[in-house]
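Here is the structure we will look at, set down as structure tokens.
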Amino acid sequence: MLDIHFVREHVEGVRENLSRRQYAPYLELFDQVAGEDIAYRKALQEVEGLRAKRNQLTQQVAKVKDNPMEKQKLVQESRSVGEQIILNEKIQKELKEKIHEKLMKLPNLLAEDVPFGKDDTQNVQVKTWGEITEKNFEVLTHAQVAKNVDGAEFDRAVKISGTGFFALKGPLVLLDLALQRYALDMLMRDGFIPYTPPVLMNRAAYEGVTDLSDFGNQLYKIENEDLHLIATSEHPLTAQYMNETLPSSQLPIQLAGLSPCFRREVGKHGLDERGFFRVHQFNKIEQIVICSPEESPAFHTRMVSNTEKLFQGLGIPYRVVNVCTGDLGIVAAKKYDIEGWSPREKKYFELASLSNCTTYQAVRLNIKVSSPDGSKRYAHTLNATAIATARMLRAILENYQTPDGGFDVPPVLQPYMYGLTHIAPVTLVK
RNA sequence: GCAGCGAUGGCGGAGUGGUCUAACGCGCCGGUCUGGAAAGCCGGUCUCUUCACGGAGGCACGAGUUCGAAUCUCGUUCGCUGCGCCA
């Protein structure tokens, strides 16, 4: 959410920034907010004036308690002021709610170098890493390799939970855990503290960290409870600081979230019956940073570098793209995606998403930073995928695939897998 | 799930319908003092609004009673203790 005080003081600048998204409804919303804010402050002053008047009257009532005539008169007057207050309060509250509603729908201000674009096809590639080499055999799908090594159950998972669910077993469970340990070990060396949050969150906390449309499209809700399954550990890790003022001496907060993630993916096609790519549940290690405003750009760069190092260690060719306006969403001021190479499809696919949300979540959640001199500002929040294990499993099963239909274990993961170097197909599976 | 108790500023804690002020203590910031520091003393330390003077609000959250609510009533949430259930 945009800070109304900031908006007030920078009406033209904010409007110009919003216009860079080239989406007229945002400007209309913004102009309404700006107008309603002026009306709101006027209404507020009227209400406060009336309340001041009533305060004076009620204090006089206390003084003339022993004079029934005088008292009666003052009570009468005070009562009529009270009625006016109720009317004016209603107007003032309605304006306040209207403004809040609209502010919740307006997107974050864009960082300077966010490119304009319609959708994810117009993201701008800023870097590639790794050598793309042709395999001298036909590359199987990751789901086929998973079956070959008896590392997953697809049909049975669908039987009990529906399409978009999968179960890991055997070597892929070990590989999934190895990826988690590998990512955690690296992040801990960079000062991130491992953190496993609750996977259920109430609505008030959730509204602080996500786009409102996610409630319909993305989040699972528990029936008859004010609880939602988290779509990423970013959400609880960030929201847990809501309504807190953090002393600058306690910053930055760096957490390495480890949790399962749950996504409904309503309206999106291609949910996997056989695979790990677009699914309802997966494990993810996430980098979270809460810091002072001036620190966030440097942290963003550092978090991207961390994820790159993880991918480089795994030996997965990738590219980094600067996400354009049409694919950015409303929360981030700037976002990079990292896409890994698929030797089967011969194209890049999304593996990680790394965002600087500046004050957007902090305003909604009311998270502030206090300086030693007592001044307070909104904090900046950042989140970045380290490894989403399901998608990384696909990357490994394709890039490390061997002609026998199995796969090699990336060397950096071998210490986490009892030194295993190769996972061979099992003849028992169909 | 049931019962009892509870929720007040960064922290501890007073206040149970009206004295202009949420007392007092701790912590923190600034000043004074000092060669420097500590102690002491003075001032500041929730939010909104106003160019400013000032004004309004704020005692878990939401309604209500009243001329007037931290204080009374109802609902909700959360916490503590005990019982029940339980990996």
Side-chain angles (χ1 to χ4, degrees), chain A residues 1-11 33-101 103 196-208 221-228 236 239-251 253 259-260 290 292 359 362-379:
Chain A
M1 187 162 74
L2 300 179
D3 176 15
I4 189 68
H5 300 103
F6 184 87
V7 169
R8 230 174 252 164
E9 284 163 31
H10 306 85
V11 174
V33 165
E36 283 164 0
D37 181 53
I38 291 168
Y40 163 74
R41 281 182 288 162
K42 200 178 159 212
L44 182 64
Q45 283 176 49
E46 277 171 26
V47 169
E48 288 183 352
L50 286 167
R51 282 205 278 243
K53 194 172 167 193
R54 182 178 65 184
N55 286 346
Q56 284 181 358
L57 290 168
T58 59
Q59 279 159 27
Q60 285 173 39
V61 170
K63 280 179 193 159
V64 299
K65 264 188 290 194
D66 303 328
N67 184 340
M69 288 284 287
E70 194 66 12
K71 185 182 166 185
Q72 175 69 14
K73 200 180 132 196
L74 287 168
V75 166
Q76 203 82 37
E77 195 177 344
S78 178
R79 186 179 287 156
S80 90
V81 172
E83 282 161 9
Q84 287 179 58
I85 289 174
I86 288 169
L87 289 177
N88 283 273
E89 266 179 348
K90 205 182 156 208
I91 296 168
Q92 176 235 328
K93 274 184 186 171
E94 277 170 6
L95 281 165
K96 191 178 182 179
E97 274 166 31
K98 276 187 191 171
I99 292 167
H100 186 257
E101 235 171 71
L103 282 176
T196 62
V199 297
L200 291 166
M201 239 169 86
N202 64 41
R203 177 150 188 143
Y206 230 126
E207 281 184 348
K221 168 141 177 39
I222 305 295
E223 199 178 3
N224 297 327
E225 301 272 354
D226 176 23
L227 289 170
H228 303 261
Q240 65 180 331
Y241 294 101
M242 107 176 138
N243 295 322
E244 291 193 32
T245 298
L246 305 160
S248 57
S249 60
Q250 283 178 24
L251 296 180
I253 291 168
S259 83
I290 298 177
S292 304
T359 61
V363 172
R364 279 194 188 183
L365 290 166
N366 188 28
I367 302 174
K368 290 181 176 170
V369 187
S370 66
S371 304
D373 67 3
S375 64
K376 291 178 187 172
R377 295 175 296 165
Y378 284 110

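Chain letters run A, B, ... following the sequence lines, proteins first, then strands; residues in each count from 1. Atom set for the values below is all heavy atoms of this structure, side chains included, hydrogens, waters and symmetry mates excluded. Because the structure is a prediction, the values reported are computed rather than measured.
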Practice problem: Kindly say whether A/E207 contributes a backbone atom to a donor-acceptor pair with the side chain of A/R364 at under 3.5 angstrom? | Solution: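 Yes, the answer is positive, given that a donor and an acceptor are paired below the 3.5 Å cut-off.
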
Practice problem: Look at the side chain of A/E48 against the base of B/G55 and say whether a donor-acceptor pair falls under 3.5 Å; ignore hydrogens and angles. | Solution: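 Check passes, donor-acceptor contact within cut-off.
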
Mind checking whether [X] and [Y] have side chains closer than 4.5 Å, heavy atoms only?
{"X": "A/L2", "Y": "A/V363", "answer": "no"}
{"X": "A/N88", "Y": "A/L50", "answer": "yes"}
{"X": "A/H100", "Y": "A/M1", "answer": "yes"}

Please give the distance between the [atom1] atoms of [N] and [M] as a whole number of Å.
{"N": "B/C2", "M": "B/A56", "atom1": "P", "value": "44 Å"}
{"N": "B/G15", "M": "B/C72", "atom1": "P", "value": "13 Å"}
{"N": "B/G10", "M": "B/C46", "atom1": "P", "value": "8 Å"}
{"N": "B/A70", "M": "B/A60", "atom1": "C1'", "value": "12 Å"}
{"N": "B/G35", "M": "B/C51", "atom1": "P", "value": "47 Å"}
{"N": "B/G82", "M": "B/U76", "atom1": "P", "value": "25 Å"}
{"N": "B/A14", "M": "B/G4", "atom1": "P", "value": "24 Å"}
{"N": "B/A22", "M": "B/G57", "atom1": "C1'", "value": "14 Å"}

Write down the distance between [atom1] ([X]) and [atom2] ([N]), rounded to a whole number of angstrom.
{"X": "A/L50", "N": "B/C67", "atom1": "CG", "atom2": "C1'", "answer": "15 Å"}
{"X": "A/N88", "N": "B/G55", "atom1": "CG", "atom2": "P", "answer": "20 Å"}
{"X": "A/I85", "N": "B/G55", "atom1": "CD1", "atom2": "C1'", "answer": "13 Å"}
{"X": "A/L95", "N": "B/C48", "atom1": "CG", "atom2": "P", "answer": "19 Å"}
{"X": "A/I86", "N": "B/U66", "atom1": "CD1", "atom2": "P", "answer": "10 Å"}
{"X": "A/R54", "N": "B/U66", "atom1": "CZ", "atom2": "P", "answer": "13 Å"}
{"X": "A/Q45", "N": "B/G57", "atom1": "CD", "atom2": "P", "answer": "15 Å"}
{"X": "A/R203", "N": "B/G62", "atom1": "CZ", "atom2": "P", "answer": "18 Å"}

Just name whichever nucleotide pairs with [N], Watson-Crick or G-U, keeping both distances under 3.5 Å, else none.
{"N": "B/G1", "result": "B/C83"}
{"N": "B/G6", "result": "B/C78"}
{"N": "B/C51", "result": "none"}
{"N": "B/C72", "result": "B/G64"}
{"N": "B/U21", "result": "none"}
{"N": "B/C46", "result": "B/G57"}
{"N": "B/U16", "result": "none"}
{"N": "B/U34", "result": "none"}

Using a heavy-atom cut-off of under 4.0 Å over every strand shown, decide if [X] touches base, sugar-phosphate, or nothing.
{"X": "A/N55", "answer": "sugar-phosphate"}
{"X": "A/K42", "answer": "nothing"}
{"X": "A/L44", "answer": "sugar-phosphate"}

Quiz item: Taking atom CG of A/L227 and atom CG of A/N202, what is their separation to the nearest 0.5 Å?
Solution: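 Taking CG in A/L227 and CG in A/N202, the distance rounds to 7.0 Å.
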
Practice problem: First locate atom CD of A/E83, then atom OG of A/S78, and finally report the distance between them rounded to the nearest 0.5 Å. | Solution: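 Interatomic distance, A/E83 CD to A/S78 OG, rounded to 0.5 Å: 10.0 Å.
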
Exercise. Name the residue closer to the 5' end of RNA chain B, choosing between A/K93 and A/Q56 according to the nucleotide with the nearest heavy atom.
Key: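 This one resolves to A/Q56.
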
Counting heavy atoms from C-beta on, name the nucleotide in [options] closest to the side chain of [X].
{"X": "A/T58", "options": "B/G68, B/U49, B/A63", "answer": "B/G68"}
{"X": "A/R51", "options": "B/G57, B/C46, B/U49", "answer": "B/G57"}
{"X": "A/S78", "options": "B/C67, B/U49, B/A56", "answer": "B/C67"}

Quiz prompt | Heavy-atom pair of closest approach, residues A/G82 and A/R54 | solution =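 Minimum heavy-atom separation between A/G82 and A/R54: CA-NH1, 4.3 Å.
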
Quiz item: Is it true that A/E94 and A/K98 have a side-chain N and a carboxylate O under 4.0 angstrom from each other?
Solution: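 Salt bridge absent between A/E94 and A/K98.
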
Self-check item: Short side-chain N/O contact to B/A56 OP1/OP2 from A/K53, under 4.0 Å
Solution: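 Indeed not, no polar side-chain atom of A/K53 lies that close.
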
Exercise. May I ask you to evaluate whether A/R79 reaches the phosphate of B/U66, defined as a side-chain N or O under 4.0 Å from OP1 or OP2?
Key: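 For B/U66, neither OP1 nor OP2 has a side-chain N or O of A/R79 closer than 4.0 Å.
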
